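Worksheet: one structure, shown below.
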Amino acid sequence: DAGVIQSPRHEVTEMGQEVTLRCKPISGHNSLFWYRQTMMRGLELLIYFNNNVPIDDSGMPEDRFSAKMPNASFSTLKIQPSEPRDSAVYFCASRLAGVGTDTQYFGPGTRLTVL
Amino acid sequence: QKEVEQDPGPLSVPEGAIVSLNCTYSNSAFQYFMWYRQYSRKGPELLMYTYSSGNKEDGRFTAQVDKSSKYISLFIRDSQPSDSATYLCATPNQAGTALIFGKGTTLSVSS
């Protein structure tokens with residue numbers, strides 16, 4: 001069974017460019033999370049969707065960041081314009097809410113470098 | 001104060017050693033706790049979870065919660081080189097909408 005799929009795995013871009021990160025959650029999961037991981041701040045939640053609806057976006061740093069979930073099998077995180085301080089590893093995670101311990105399953109991450 | 005604090009290490013031990021990894025948390029309302037393991041250039045994966053106070057054992061791994069001191073521990077017995085990874089403690093936020101993670105402790109087990 002495929003886990004969470006993220007693309008691209010690596011992205012190098014120049015400051016000011018638009019970046020789009022993609023995520024396919026595990027089939028049947030109803031919650032999706034975008035996290036950002038840096039050495040300084042660790043793993044931080046950016047946004048949480050439940051049944052494709054954004055529930056908590058308080059972690060989105062600023063208006064340059066936006067996320068969408070048009071259907072249960074696809075989500076995007078967009079940064080426009082990108083800045084060097086956005087360089088980090090971005091993880092997508094999904095879970096089946098309301099079952100057991102609500103374990104979150106993480107994708108392999110997208111390593112973003114903004115020059 | 002961050003809600004979940006964790007010493008980043010790094011921690012280096014020889015194969016076979018007993019390892020103790022620790023976190024503290026600030027909110028006494030947190031009810032259950034998780035340990036995630038993250039190998040280099042991979043996503044975190046759930047290792048263990050435990051409710052409230054007490055111990056939970058799974059093979060060489062034991063998770064312990066002390067609610068009175070707001071302290072979470074993960075013990076690894078007979079550590080192996082394959083245990084080399086970053087270990088993150090986590091707890092659901094009060095709304096239950098997401099996980100709050102510690103920064104992670106990087107462990108290296110040498111053969």
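Reminder, nothing fancy here: chain letters follow the sequence lines and each chain counts from 1. All values reported here derive from a predicted model rather than from experimental measurement.
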hydrophobic_cluster_shared for B:V65 and B:L47, side chain cutoff 4.5 Å: yes

Distance-minimising heavy-atom pair for A:R9 and B:R41: NH2-O, 3.7 Å

Heavy-atom neighbours of A:D63 CG exceed 12 at 6.0 Å: no

Atom of B:Y36, atom of A:T103 and distance for their closest heavy-atom approach: OH-CG2, 4.2 Å

Nearest-0.5 Å distance, CD1 of residue B:I100 to CD of residue A:E44: 11.5 Å

Within 6.0 angstrom of B:E15 CD, more than 12 heavy atoms from elsewhere: yes

Same cluster (ILVMFWY, side-chain, under 4.5 Å), A:F91 and A:L112: no

Nearest-0.5 Å distance that lies between atom CZ in A:F106 and atom NZ in B:K42: 15.5 Å

Linked, directly or transitively: B:L21 and B:F30 (ILVMFWY side chains, under 4.5 Å): yes

Donor-acceptor pair, side chain of B:K103 and main chain of A:M40, under 3.5 angstrom: yes

Heavy atoms of other groups near B:R60 CZ, more than 12 under 6.0 Å: yes

Among the listed options B:A90, B:G102, B:G43, B:G104, the residue most often paired with chain A at heavy-atom distances under 4.5 Å: B:G43

Flag side-chain contact, heavy atom, 4.5 Å: B:L99 against A:F33: no

Path from B:M48 to B:L107 over hydrophobic side-chain contacts below 4.5 Å: yes

Side-chain heavy atoms of A:Y48 within contact of B:N93, under 4.5 Å: no

Interatomic distance, B:F101 atom CZ to A:Q104 atom CD [nearest 0.5 angstrom]: 6.0 Å

Cluster overlap A:L32 with A:M60, hydrophobic side-chain contacts below 4.5 Å: yes

Greater than 12 external heavy atoms within 6.0 Å of B:K67's NZ: yes

Chain A contacts, top residue of B:P44, B:A98, B:P8 (heavy-atom pairs, under 4.5 Å): B:P44

Rounded distance [0.5 Å steps], CD in A:Q37 versus CG in B:L88: 6.5 Å

Partner chain B: residue of A:V89, A:L43, A:T38 with the largest heavy-atom pair count (under 4.5 Å): A:L43

Contacting moiety of B:Q38, where chain A heavy atoms sit under 4.5 Å: side chain

Interface moiety of A:Y105 toward chain B, non-hydrogen atoms closer than 4.5 Å: neither

